[in-house]
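Each remark here refers to the structure printed beneath this line.
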Amino acid sequence: MRCTVAAAGLAAVLAFGVAGCGDGASDAPATGSSPGAATGTVKVFAAASLTESFTTLGKQFESAHPGTTVTFNFAGSSALATQINQGAPADVFASAAPTNMAAVTSAVSPTTFVKNQLVIATAKGNPKKIIGLAGLAEPGLKVALCAPQVPCGAAAGTAVEAAGVKLTPVTLEQDVKAALAKVKLGEVDAALVYRTDATASSADVDAVEFLESAKAINEYPIAVLTGAANPTGAQQFVDYVLSPAGIKVLTAAGFQAP
Amino acid sequence: MTKQRVPPALLVPAVGGLIFLILPLAGLLWRTPWSTLRQRLTEPEVAQALKLSLLTASLATLLCLLLGVPLAWLLARVTFPGRRLVRALITVPLVLPPVVGGIALLLALGRRGLLGGWLAETFGISLPFTTAGVVVAEAFVALPFLVISVEGALRGADTRYEEAAATLGASRWVTFTHVTLPLVAPGIAAGGVLCWARALGEFGATITFAGNYPGITQTMPLAVYQSMESGDLDGAVVLSLILLAVSVTILAALRDRWLAAP
């Protein structure tokens, strides 16, 4: 008896859900290019440096597409690539570097959507008077870099090489947020982080621009993944990120348009 | 004891539990790149991380023995107000997520920390990003294991020997060193082994408090994480395998001698 009731309930929910889909499709005829309105959950794996801007974009996307939910997994791009290749359920991958995107075998024709540049993050007011990359090599100064295996670390390596300085960091952090946290805590005097991360934490840190960062610009590719559980939603989320509204959020966070 | 029939209601979940614990380890062995194993083992980064892990875990255990045995004795043999609270506080690192432990250590012993600021200004001592910092992080997480084991041993030990020593005129210190310590030596050894194994596997507090730099603070668990993060699954598996082999060897060798129930 109880089973029958449950089954009836389930059927009702399903019917309601299907009806909901239909309504959604008829509500949004303006998006002519899309094959149907997105529904359900879109699982986005995104680089740690995209945390703030993608969280905002996710909320905007959800209100523009009622009935959809965007969930995020933010981490270092290389870790995300490994997770996706090991079968983690993802619909969209946004990487902080093309190399990590290339490592993902299921990414479909990635598009570069933004660029990011490095800055030197220091404590508020720049108490150590750091003005450039060469200044980071001063003895007694504690510097955090990202590990060379993650994009912010690779970019830092390129910039340091371009500057021709010998830098000895005290720690190699696993993603840009961890490096920035060490500055916020006051445990290091400076860290090389993305401009966007420094912007997002401008209440706690100062950003010092440096010349050589122009030689180490990171390109961010985004792609829908084959085998995505929600390909329609995934494609619409990518479209939204690439739309003028999406780029506006990203440039406000300090990213450069490609 | 006579031979008994094992009820299936107990046997099935028991075997299930065993498989649940062993299967992931089997997965590790299954995925190990055996053909390149030798070559990977001789990589200097691996040797460096392993050496650092063994060194810091041993130093952390030493530190825990120096601090933990007296602490356990205090808890087991002396009645003082607030003892229950002290015991609860000691076990906090057992249940605290290690990352939280790392942040707590930073706020206490970091450059701007409660005590760390004073240490840095007065003596120029700074623990984060140093090998000593790794030892501190490991000891923080491992100390409760030692204290609990030793306290248990002390409570289980027959106090009549200590009382006899006292009636013969031995001071508390002499009683402790000549009677109590030999009596609970197996318990201390068991606690030390547990403490060492926990220190060897420590990850969260270490990466948060001591950072990650090859040769200075990058222990084996950190090296595993870094390999995994950078997409080098083979490297991560090899490093994990070494860590597993070391842990299992030590635990298996010592279990029957010291960890077995009396």
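Just so you know, these numbers come straight off a predicted model, no measurement behind them. Side-chain atoms are counted along with the backbone in the values below, which use heavy atoms only and exclude waters and symmetry mates. Letters go in sequence order (proteins before strands), and every chain restarts at 1.
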Note each donor-acceptor pair with a separation under 3.5 Å, taking one atom from chain B and one from chain A.
residue   : atom : partner   : partner atom : Å
Arg111(B) : N    : Glu187(A) : OE1          : 2.9
Arg111(B) : N    : Glu187(A) : OE2          : 2.8
Arg111(B) : NE   : Gly186(A) : O            : 3.2
Arg111(B) : NH2  : Gly186(A) : O            : 3.2
Arg111(B) : NH2  : Asp189(A) : OD1          : 2.9
Ser126(B) : OG   : Lys142(A) : NZ           : 3.0
Thr208(B) : O    : Lys182(A) : NZ           : 3.2
Asn212(B) : N    : Thr171(A) : OG1          : 2.8
Asn212(B) : O    : Leu172(A) : N            : 2.6
Asn212(B) : ND2  : Leu172(A) : O            : 2.8
Gln226(B) : OE1  : Gln174(A) : NE2          : 2.7
Gln226(B) : NE2  : Gln149(A) : OE1          : 3.2
Met228(B) : O    : Thr82(A)  : OG1          : 3.1
Glu229(B) : O    : Ser78(A)  : OG           : 3.2
Glu229(B) : O    : Ala79(A)  : N            : 2.9
Gly231(B) : N    : Thr82(A)  : OG1          : 3.4

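- Remark: Leu55(B) CG is packed, more than 12 non-hydrogen atoms of other residues, nucleotides or ligands lying under 6.0 Å away.
- For a residue to count as touching a neighbouring chain, one of its non-hydrogen atoms must lie under 4.5 Å from one of that chain's; by this rule Leu106(B) touches chain A with backbone and side chain alike.
- The closest side-chain heavy-atom distance from Pro128(B) to Val188(A) is not below 4.5 Å.
- Using a 4.5 Å cut-off between heavy atoms, Leu107(B) touches chain A through its side chain atoms alone.
- Interface remark: Pro148(A) contributes no atoms to any contact with chain B (heavy atom separation under 4.5 Å).
- Only the side chain of Ala147(A) comes within contact range of chain B, with heavy atoms under 4.5 Å apart.
- Options Ala75(A), Pro169(A), Ala144(A), Ala103(A) differ in how many heavy-atom pairs under 4.5 Å they form with chain B, and the most are formed by Pro169(A).
- With a 6.0 Å radius and a threshold of 12 heavy atoms from other residues, nucleotides or ligands, Ile125(B) has its CD1 atom above the threshold.
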